[in-house]
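What follows is one structure encoded as structure tokens, with my remarks underneath.
Counting begins at 1 with the first residue of the sequence. Excluded from the calculations below are hydrogen atoms, water molecules and symmetry mates; all remaining heavy atoms, backbone and side chain alike, are included.
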Amino acid sequence: MINEVNKSVNDITDMINDKNNDYVFKDASLNGGLPQTMRTGSAEVTIYFDDYDKKVHEGRHGGQIARGEYDTDTSGNLTSGSFGASKEVDAYKAQLSAVGQILYKPYLDFSNPSNLLKINQVQTVTELNDINNSFLQSLVDNPGLNQSLIYPPATNTSYYAQ
């Protein structure tokens, strides 16, 4: 965890030292409530966050852009580098190291009726090793009956290889 905290400090340093971009932190309510890091101008990257742990998560993406690991245009299209599961795993590890645990409601397959009993069940992640592709593939935008996978493996399996 200490290594991840140090990496988060490096993210901040890398964003400060990036001579090509300004990094702006804004409340996610200005972005439809969606925590996201995106280019909002030719020399501006905006980090939208909804709470402290997402600030660290999205800050990791800011650091990744500052280091040239990937970049996007203002529409969110990848323009250089690669963005895949490894970048998200890295950001969730930063998030975990900042707050000590990640609480979430995982994907439930409702074709199995017994899963209806688990609809309000919360999972807790406290170990860095538990942040992996399987974790990503269990995350949903709308927990409950209207759940929507954030990283659906069927639509882009190459995402998980990166």
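- Under the 4.5 Å side-chain heavy-atom criterion for ILVMFWY residues, no single connected hydrophobic cluster contains both Leu149 and Leu139.
- Interatomic distance, CD of Glu88 versus CD of Gln64, reported as 8.0 Å (0.5 Å rounding).
- The backbone N or O of Glu58 lies less than 3.5 Å from a partner atom in the side chain of Thr37, making a donor-acceptor pair.
- Judged as a side chain to side chain contact (heavy atoms under 4.5 Å, CB included), and not counting sequence neighbours, the contacts of Phe49 are Phe25, Lys54, Lys55.
- Between Phe83 and Glu69 the shortest side-chain heavy-atom distance does not fall below 4.5 Å.
- The distance from the CD1 atom of Ile12 to the CG atom of Asn17 is 12.0 Å, given to the nearest 0.5 Å.
- Here Ser114 pairs with Asn112 under the side chain to side chain donor-acceptor pair (under 3.5 Å) rule; sequence neighbours left out.
- To the nearest 0.5 angstrom, Ser148 atom OG is 6.0 Å from Asn142 atom CG.
- With values rounded to the nearest 0.5 angstrom, Asp14 atom CG is found 12.0 Å from Ile65 atom CD1.
- Atom CG of Asn77 has more than 12 heavy atoms from other residues, nucleotides or ligands within 6.0 Å.
- The hydrophobic cluster containing Met1 also contains Ile102, counting ILVMFWY residues as joined when their side-chain heavy atoms lie under 4.5 angstrom apart, directly or transitively.
- The minimum heavy-atom distance between Pro35 and Ala28, with the atom names listed, is N-CB, 4.0 Å.
- Taking hydrophobic clusters as Ile, Leu, Val, Met, Phe, Trp and Tyr residues chained together by side-chain heavy-atom distances below 4.5 Å, Val9 does not share a cluster with Ile2.
- Cluster partners of Val122 are Leu103, counting Ile, Leu, Val, Met, Phe, Trp and Tyr whose side-chain heavy atoms approach within less than 4.5 Å, directly or via other members.
- Among residues at least two apart or in separate chains, ring pair (Phe, Tyr, Trp, His ring centres under 6.0 Å) pairs with a member in residues 95-136 are Tyr92-Phe135, Tyr104-Phe135.
- The two residues Leu136 and Val89 come nearest to each other via the heavy atoms CD1-CG2, 3.8 Å.
- For the side chain to side chain donor-acceptor pair (under 3.5 Å) with Thr40, the qualifying choice from Thr46, Thr74, Asn31 is Thr46, the only one to do so.
- Annotation: the span from Leu128 atom CG to Leu96 atom CG amounts to 5.0 Å, rounded to 0.5 Å.
- Here CG of Leu108 is found 10.0 Å from OG of Ser138. Values are rounded to the nearest 0.5 Å.
- Partners of Asp18 according to the salt bridge (charged side-chain N to carboxylate O under 4.0 Å, His left out) rule, which considers only residues two or more places apart in sequence or in another chain, do not exist here.
- By the rule that hydrophobic residues join a cluster once side-chain heavy atoms approach within less than 4.5 Å of another member, Leu78 and Met38 end up as members of separate clusters.
- In terms of heavy atoms, Ser82 sits closest to Lys87 at O-CE, 3.5 Å.
- A salt bridge links Glu4 and Arg60; the closest N-O separation between the charged side-chain nitrogens and carboxylate oxygens is under 4.0 Å.
- Of the possible polar contacts, none joining the Asp53 side chain to the Gln95 backbone as a donor-acceptor pair under 3.5 Å is found.
- Tyr48 is not connected to Tyr70 by any chain of hydrophobic side-chain contacts under 4.5 Å among Ile, Leu, Val, Met, Phe, Trp and Tyr, and they are in different clusters.
- Remark: of the listed residues Val24, Asp22, Thr72, Asn21, Asn21 is the sole one forming a side chain to side chain contact (heavy atoms under 4.5 Å, CB included) with Val45.
- Taking 4.5 Å as the limit, every side-chain heavy atom of Asp73 sits out of range of all side-chain heavy atoms of Arg39.
- In the hydrophobic clustering, Tyr52 connects to Val56, Val99, either directly or through intervening members, whenever side-chain heavy atoms lie under 4.5 Å apart.
- No side-chain donor from either of Arg67 and Asn10 sits under 3.5 Å from a side-chain acceptor of the other.
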